[in-house]
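Take a look at the structure set out below.
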Protein chains: 2
Amino acid sequence: MDQIKPRKAFASAKQVAELAGVSRSAVSRTFTPGASVSDETRQRVIQASEKLGYHVNHLARGLLRKSTGIVCLIVADSDTPYMSRMVRTLARHLQEAGKVAMVIDTTGPSENVEHALRQTLNYRADATVVLSGTPAHSIIRTCLDNGQRLILINRDDRLAGPYNLSLDNRLAGRTAFEAFMKAGCRRLAVVTSDAGTPSLLAREEAYVETARKAGMTVAVARNGRTSYEAGAAGARALLAGPDRPDAAFCVTDLIACGFMDAARHEFGLSVPDELSVIGFDDIEQASWLSYRLTSFSPPVEELAAAVVDLATMGEAAAEDAPSSRFLEASLVWRDTVRENGA
Amino acid sequence: MDQIKPRKAFASAKQVAELAGVSRSAVSRTFTPGASVSDETRQRVIQASEKLGYHVNHLARGLLRKSTGIVCLIVADSDTPYMSRMVRTLARHLQEAGKVAMVIDTTGPSENVEHALRQTLNYRADATVVLSGTPAHSIIRTCLDNGQRLILINRDDRLAGPYNLSLDNRLAGRTAFEAFMKAGCRRLAVVTSDAGTPSLLAREEAYVETARKAGMTVAVARNGRTSYEAGAAGARALLAGPDRPDAAFCVTDLIACGFMDAARHEFGLSVPDELSVIGFDDIEQASWLSYRLTSFSPPVEELAAAVVDLATMGEAAAEDAPSSRFLEASLVWRDTVRENGA
DNA sequence: ATCAGTGTTGCACAGGTGTGCAATCGCGGC
DNA sequence: GCCGCGATTGCACACCTGTGCAACACTGAT
């Protein structure tokens, strides 16, 4: 039961070399693709390293090479289905490309964030991906000053150094407006949070501006952090009054779920007959039978692929890469916008 | 616009030492708590390193020390709200303890898993946390053979080497049965997946066995992988027949959501009046207005704290630590079990 | 037999850090 | 003035790997 655990230390290339009766260089070359080793020594090295359980030490390798294979993911609002899908998808794509993801959660006191960010620098990550909507600019400066390759996702602040990968949030705002128009809705609302995330603001503003140009006004509900509760609170604010809206653009699916639930269970409204709803993110819950939410679906796979491209790019190619790129979120039609009942 | 990016390389301790006019050792000692440095040199070192943007290279440090500060998280079913909460909570706790989380997603072809696991070894992680329910035993063997400290979460295979942290799944199964009994339900069912995860099996078996001892039979629905769809499929299998159950224990909240949605929207049943439901995991959706699901809530924070303890423990303490520990999931009462209508 | 050419191999250095050991410095006590 | 003592500092080694360079072996052609 209490068997002896020798806590076998990791084997080094030197030990493998001795067991195989070759030089340490031969071991190194065996595990370096394209290096010059004879078949015979390669076999002996492989045999020896399996016997000893040898695994190349990436820490030491990272010292020599310019690349450590580590990519850092800085994430906030990680309690969101959208964010966890992003993290998961990125991690998978990265490891398929031979990299490995190090995740740093910045949800919480910002003192920790500062500390956590030093980790990025400490481990000499090949690149840092910022998924967080609103980390302090100082963080980004620090990374940039240290020559870190930085990839910003869905942030609308345009800086010179980093690469920016964004969704076309303004297009989504306009499209949502047009969809409601076609459905014959006339009393518009938008439900959002007071987080002030640039991408959420862009969706909201484009929607409101387009409506204003068409001579319409939009009721705005802005409550708490970006969450299910924000949507429920928005419903309570918007639906209690006399002339309640008949269409609501929720800047996030999570908000949309909270909004719909409160509308149905607390106000007894029927979606989409009395109230049309459009969300954004196309989270898994959007397709659940209770919601069947019409929503904008961000091209997560494409996004992840683009990140991997940027993260694995050589120094030379990095110079030429465009520093900012927009991807389009397509509207997925389900059952929360009423049929053309003009 | 196209400003020059010098791609400033990282500063080394040597450069800091030169700028500060001290030896490299002094720099090293400045960043090593408890080392002997005079206040004056410490100040000069700190000033110089801020000027150069110096950050200790943890890769090099990891070569010398026994600890690299990296903890590896091996996760499957990461598209589950429960799993992403686990990962997020663990990452946060770890970084509060000065560690950093490296996540490896094993959802996908197992060839990748093997490759990804080598990463764990390659980076000399201080510990590896296995959150995945069903990875091959070979993986665990490999880790163990290389002296990796292994922490298994909610796996019911008891091995000698690793530490096991489990929920009391059998207790939950029994408790669910008793709750249904008290509510006056008599036609029991259990809804699960065919994933064969040990922890899910334990919940199911304890529930079924307890019922059998009480002289009752249980209808079982077992469909697909552990997901929302599994629950919906379970509902279609169980509720179409003549004497449908009036109580269903869903081994996962996700399954419960799918089950409830199909029951309501496809069979027009009312929960909890005609059908009582209990889930497990207490995911965020369980508290949404559309579900208000009675569910077992695992002590996620406590679990994470225990993991951090095990991961940061010194070599000596590790010898004495108990190799296996059970935590209890408490039942959170909401609105999916009918009131005592005996 | 000589030579050019090709494929392998080993040496030695570099990369950035922590730390034991010895040396140095300053200071108080005799 | 000398000695003991504690605090500080620098040297040099260790950790583990990748790779340029030179040496070597071997083949085939002249």
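Predicted model only: the values in this text are computed from it and were never measured. A note on names: the letters A, B, ... follow the listed sequences, proteins ahead of strands, and every chain is numbered from 1.
The aromatic ring centres of A:Tyr54 and A:Phe31 sit less than 6.0 Å apart.
If you measure from atom CG of A:Leu64 to atom P of C:dT17, you get 14 Å, rounded to the nearest angstrom. Taking atom CG of residue A:Leu59 and atom P of nucleotide C:dA14, one finds them 22 Å apart after rounding to whole Å. Rounded to whole Å, atom P of D:dC26 lies 12 Å from atom CD of A:Glu40. A:Leu52 places its CG atom 15 Å from the C1' atom of D:dC16, with the value rounded to the nearest Å. One can place CZ of B:Arg61 at 9 Å from C1' of C:dG18, the figure rounded to the nearest angstrom. When rounded to the nearest whole Å, the span between NZ of B:Lys14 and P of C:dA14 equals 9 Å. In this structure, NE2 of B:His58 is placed 13 Å from C1' of C:dG18, rounded to the nearest angstrom. Look at CZ on A:Arg65: it is 9 Å from C1' on D:dT17, rounded to the nearest Å.
Side chain of A:Thr68 to backbone of A:Gly62: no donor-acceptor contact under 3.5 angstrom is found. With hydrogens and angles ignored, the 3.5 Å screen pairs no side-chain donor or acceptor of A:Arg42 with any backbone N or O of A:Arg29. B:Thr41 places a side-chain N or O within 3.5 Å of a backbone atom of B:Ser38 that can act as its donor or acceptor partner.
Set against D:dT17, D:dT19, C:dT17, the side chain of A:Arg124 has C:dT17 as its closest nucleotide. The B:Ser28 side chain lies nearest to C:dG18 when the options are C:dG16, C:dG18, D:dT19.
Checked for salt-bridge contact, A:Lys99 and A:Asp126 meet the test: a charged N lies under 4.0 Å from a carboxylate O.
Listed by chain and number, the residues in a salt bridge (Lys or Arg N to Asp or Glu O under 4.0 Å) with A:Arg61 amount to none (sequence neighbours excluded).
Contact annotation for A:Phe31: no contact, since no heavy-atom pair falls under 4.0 Å across all strands.
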Indicate for each nucleotide in nucleotides 5-11 of chain C, in 5' to 3' sequence, whether protein heavy atoms under 4.0 Å reach the base (B), only the sugar-phosphate (S), or nothing (-).
-> ---BBBB
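Put simply, A:Tyr123 has no side-chain N or O that comes within less than 4.0 Å of OP1 or OP2 on C:dG16.
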Show your working on salt bridge (Lys or Arg N to Asp or Glu O under 4.0 Å) between B:Arg92 and B:Glu301 and close with a plain yes or no.
-> CA-CA 10 Å; B:Arg92 190 162 41 79; B:Glu301 295 288 325; 3.2 Å; yes
